[in-house]
Amino acid sequence: MDMSAHRPVFILGIETSCDETAAAVLKDGRELLSQSIASQVATHQKYGGVVPEIASREHSSHLPSVVERTLREAQVGFCDLAAIAVTYGPGLVGPLLVGVAGAKAMAYAAGIPLIGVNHLEGHIYANFLAQPAIPFPFLALLVSGGHTNFVYFEGHGAYRVIGRTRDDAAGEALDKVARALGLGYPGGPLIQELARSGDPKSFELPRAMLEPGSLDFSFSGMKSAVLNILNTAAMRGEQLDQADLAAAFQQAVIEVLVRKTLVALEQTGAKTLLLAGGVAANDLLRETLALELAQRGISFYYPPPALCTDNGAMIATAGYYHYRRGNFAPWTLNAVPGLQLS
Ligand code: KG4
Ligand code: ZN
């Protein structure tokens, strides 16, 4: 903590990269004063996925009231804020632009700095909200709807990506299989629920480990295997046990994630793992990792489920660490839909 700062540091975080309009007020990087989320899940559910144009419009109509409510609940005014942190990528360009333009206007009018936050960094920083004293270096496993990465952190803002998916992200594969099973969107939580009553051993699915020692992922093969099983059954007019298939697929995804994590820990020598991203909300993934890591003396951190999926608190937390480094964005900050972690 920077003890020289007598005034509390209030950061407003804003997140609009996909289908949640979210904001949060964070005090001194560790105290979440308030947060609100206007979810568009119900709107997009009938299309089976996020419709970008509709998402942009919903963000525009919800952002002002979400921010107002968040500040009111925190009992913090614009003039009390130290900075406004906003997601500027990666994500959908229209939704990102709504957040970036809104944050810019608010920060400029309040005369306070603007901070641009990489959404993926935000996911990982959700861990620092619960546990500000996480020791460096650590390995992060980021598993979201759009990304599956291993990120090696040496310090705040000092990180490199050491593994990535070559095709589908883990969450994307779960969402696609859920859609094929007719479960709806988003698929991860629905598969998790259905899998509870299924037997993961009832279907044999491939586990793509790639070349020995590779820290990259490939989930499209196991996803296609499920789609083939479903198509074959439909052609033959056979009934499948959907819970069994959901359980087998979830098991296959988790097994690859866990086995690769153990390889990545061994290669980097890291003694600490941080789990992050929407798929990090998955019970079985958390439990399996916890078991394997405890056996190896590796410290394991993961955020509470509500902070795994997209939220404003994670953006405010990442923003706080940028603030401490004086890392502010210019007024020309733009949305970068394909922003990478680098
Ligand atoms: O991080 P996130 O909220 O948005 C992105 O940045 O992509 O992640 C959303 C992804 C979706 O694919 C969703 O199906 C998955 O996270 N997800 C889950 C669970 N909750 C959300 N996957 C497995 N189990 C869950 N409980
Ligand atoms: Zn996300």
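Side-chain atoms are counted along with the backbone in the values below, which use heavy atoms only and exclude waters and symmetry mates. First listed ligand is number 1; within each ligand, the first listed atom is number 1.
Those atoms of ligand 1 with a heavy atom of T309 less than 4.0 angstrom away are 3 (O), 21 (C). Each of the atoms 12 (O) of ligand 1 lies under 4.0 Å from some heavy atom of G171. The atoms of ligand 1 that sit less than 4.0 Å from any heavy atom of D175 are 11 (C), 12 (O), 13 (C), 14 (O). Atoms of ligand 1 found under 4.0 Å from any heavy atom of G145 (numbered from 1 in listed order, with element): 5 (C), 7 (O), 8 (O), 9 (C), 10 (C), 12 (O). Atoms of ligand 1 found under 4.0 Å from any heavy atom of G146 (numbered from 1 in listed order, with element): 7 (O).
Using 4.0 Å as the threshold, H119 has a heavy atom nearer than that to some atom of ligand 1. Residue contacts with ligand 1 do not include C18, since none of its heavy atoms lies under 4.0 Å from the ligand.
H119 has its closest N, O or S atom to the Zn ion (ligand 2) at the position named NE2. Sorting the N, O or S atoms of D310 by how far they are from the Zn ion (ligand 2) puts OD1 first.
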For this session: Go through T43 and Q45 one step at a time and tell me if the side chain to side chain donor-acceptor pair (under 3.5 Å) criterion holds.
Result: CA-CA 6 Å; T43 309; Q45 231 153 21; over 6 Å; no

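Among all non-hydrogen protein atoms, the one lying nearest atom 26 (N) of ligand 1 is Q192 OE1, 3.3 Å. Atom 24 (N) of ligand 1 has its closest protein heavy atom at N282 ND2, 3.1 Å. Here the protein heavy atom with the shortest distance to atom 22 (N) of ligand 1 is G188 CA, 3.2 Å.
Within a 6.0 Å sphere centred on CD of E238, other residues, nucleotides and ligands contribute more than 12 heavy atoms. Remark: Q75 CD is loosely packed, at most 12 non-hydrogen atoms of other residues, nucleotides or ligands lying under 6.0 Å away. Heavy-atom neighbours of F136 CZ from other residues, nucleotides or ligands within 6.0 Å: above the threshold of 12. Atom CD of E266 sits in a sparse spot, with 12 or fewer heavy atoms from other residues, nucleotides or ligands closer than 6.0 Å.
For the pair I54/H44, a side-chain contact is recorded, criterion being any heavy-atom separation below 4.5 Å from C-beta on. With contacts defined as side-chain heavy-atom distances shorter than 4.5 Å, the pair H59/L97 does not qualify.
Proximity annotation for atom 2 (P) of ligand 1: of D283, L285, N311, D310, D310 comes nearest, heavy atoms only.
Judged purely by atom type and a 3.5 angstrom limit, D167 has no side-chain atom pairing as donor or acceptor with the backbone of S218. A distance-only check finds a donor-acceptor pair linking the side chain of S34 to the backbone of T70 [under 3.5 Å].
Contact annotation: for H123 versus ligand 1, heavy atoms closer than 4.0 Å belong to the side chain alone.
Between the Zn ion (ligand 2) and C18 there is no N/O/S contact shorter than 2.8 Å.
In terms of polar-atom proximity, G278 is counted as a contact of ligand 1, with an N or O under 3.5 Å from an N or O of the ligand. Not a single N or O atom of L174, backbone or side chain, sits closer than 3.5 Å to an N or O atom of ligand 1.
The heavy-atom pair separating D175 from P186 by the smallest distance is OD1-C, 3.8 Å. Between A252 and R207, the closest heavy-atom pair is CB-NH1, 3.6 Å.
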